[in-house]
Amino acid sequence: MNTQISEPIFKALDESGKGAVTAKDIQSRLAQAGLSDDDPRLSALRDRLADCGNDPAKIIDAATFAEILQAGQSLVERAMKEELVIPQFSVFAEHLRTLFDEVKSNRSGDLASYIPQLARVEPEQFAVSVCTVDGQRLNLGDAGQLFSVQSSCKPILYCGALELCGGDYVHRHMGREPSGMSFNELSLNNAGLPHNPMINAGGIMSASLWHPELPMADRFDRLAHLIATLSGGSRPGFDNAIFHSERDTADRNFALAHYMREVGAFPRDTDIFKALELFFAACSVELTTERLANIAATFANGGICPPTGIRVFTDSTVKNCLSMMNSCGMYDYSGEFAFRVGMPAKSGVSGAIFAVVPNVLGIALWSPRIDSYGNSARGVAFLKRLVETFNFHNYDSLLDSQKLDPRARRQTIEANATFSAINAASRGDISELKRLVAYGHSLDRADYDGRTPLHLASVEGHVGAVRFLLAQGVEKEPLDRWENTPLADAQQAGHERIVELLARSKSVGTRGRSKGRKPKSEHRPRKAA
Ligand code: GLN
């Protein structure tokens, strides 16, 4: 690895300035960026760290660090330079934790009662997981707990059908309009088709299109494999009790399938009982929010699963599915949800929801109490609070709002970096200065008055910051527009130790650009602008 890249990152990690970091420093920096220990993309890096002795406190020098960075490919470099899609992931995570705690006290809604097994789950459970398109992850609450996905399988069935049969064929058998009715309403559109793929009639239709030529076992096998790939992991679980419970109490779904068969909605030769079985089986697939968030992130990432880099769906399949989720994903609350939250999302009566911020992240929520529409009460409450805090609504980009944008851009960071460095120096904030070094930001940059971090640290008497800046090799005698050096500033302010430090350090020349410039005013600022 190019040491020009690795060196500044190494320096930023090297808090003590002793020319050494530990495996723990590296791991905690990656964790801060949202990259988990089990991230499959970091396996080479883990191996390289293990080669170093696997002792978290073992010292790693700059040359070894360069190799380790190389093993982590650009992902680690980007993480350390805060260039992932959510650069300050730990700050973002802190906000989500606060929202999570706040929403936890919401006990509205009831367990789904029409599927007996769902009526027996522990209602207090609550989980939120996030995965960004760069694979930064966060898990809150019961994120390791399995639940049946229920209707949140419908986007997967729909995408599967689109990939197998193409959009024209699929939409000869289902519409694209919200129904405005409940998810299992015994109703079809004017053409005698399910209103859309996100309600039960549409889910049964998608299931009928999923490899109808294969035996049932293979049809399910392929679906399980698809869900595994989408969620970046092993085969999902399956809740057999839910499956039987569903099937034995599914009068409405049977009625819907018979109705659709009667009016000729299915492709010819469809075995509706098999389609129903597959739909029930898909609803009985078990995932954790951690896995469901990976699926949501795959949708956010245009069909490529972020933690594995595997393309699962084409981008146009994903675009079509997100359009459907946006207009129809939250049952007869879809319009209100699109208005207030403005994210494509899909819910299930188990209390699962997954939602997508395209090109940024996927989020999965699970809490079993559902509202009168069949959507998780806490899930909806969380998403509402989320878009009040962050500009994740589809049309937030039109507003000049006070909402936070966690995906701050690098250009913005750079524009602010000069100001931040000067400001940090004036406060003596060495850790902020180190962070800026990690961005690759030069601590030599001056503001419009020619004031540099060294001027500010000197005039404010921050010995440690002056020492740090000198150790970084900044220019020692830059002239501001009043032709003052940091040394002159320190002398005037009476900071003897800094005067000594600066006088001792050898001059390496002055800033040509400010030399000979006439002062523009007699006013001379002491502090950062
Ligand atoms: N399995 C459920 C049903 O058939 C799916 C419905 C849902 O999650 N909204 O009723």
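Remember, it's 1-based here, ligands and their atoms both numbered in the order they're listed. Bear in mind the structure is a predicted one, so any value in this text is a computation, not a measurement.
- The two atoms that bring A257 and L276 nearest to each other are CB-CD1, 3.8 Å, heavy atoms only.
- Shown here for L35 and G135, the closest heavy-atom pair between the two residues is CD2-O, 3.9 Å.
- Atoms of ligand 1 lying under 4.0 Å from at least one heavy atom of N253, given by number and element, are 3 (C), 4 (O), 10 (O).
- Checked by distance only, ligand 1 and N200 come closer than 3.5 Å through their nitrogen or oxygen atoms.
- With a 6.0 Å radius and a threshold of 12 heavy atoms from other residues, nucleotides or ligands, R340 has its CZ atom at or below the threshold.
- When ring centroids are compared, Y158 and H171 come within the 6.0 Å threshold.
- In summary, the atoms of ligand 1 found under 4.0 Å from a heavy atom of G348, numbered by their order in the structure, are 8 (O).
- Atom 2 (C) of ligand 1 has Q150 OE1, 3.1 Å as its closest protein atom, hydrogens excluded (heavy atom only).
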Please report the C-alpha distance between Y331 and Y333 in whole Å, then the side-chain angles of each, then the deciding distance to 0.1 Å, and finally whether the ring pair (Phe, Tyr, Trp, His ring centres under 6.0 Å) criterion is met.
CA-CA 5 Å; Y331 310 122; Y333 188 67; over 10 Å; no

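- Numbered from 1 in the order shown, with element, the atoms of ligand 1 that lie under 4.0 Å from a heavy atom of S151 read 5 (C), 6 (C), 7 (C), 8 (O), 9 (N).
- Close contacts of ligand 1 with Y331, meaning ligand atoms under 4.0 Å from a residue heavy atom, involve 7 (C), 8 (O), 9 (N).
- Heavy-atom minimum distance, M324 versus P197: SD-CD, 3.4 Å.
- Residue R252 does not touch ligand 1, judged by heavy-atom distances below 4.0 Å.
- Contact between Y114 and ligand 1 is present, with at least one heavy atom of the residue lying under 4.0 Å from the ligand.
- Polar contact with ligand 1: present for V349 (N/O pair, distance under 3.5 Å).
- In summary, the atoms of ligand 1 found under 4.0 Å from a heavy atom of F279, numbered by their order in the structure, are 4 (O).
- In summary, of the residues considered (L361, V360, N301), a side chain to side chain contact (heavy atoms under 4.5 Å, CB included) with T132 occurs for L361 alone.
- The side-chain heavy atoms of L399 and D396, taken from C-beta on, include a pair separated by under 4.5 Å.
- Proximity of F280 to ligand 1, defined as any heavy-atom pair under 4.0 Å, is not found for any part of the residue.
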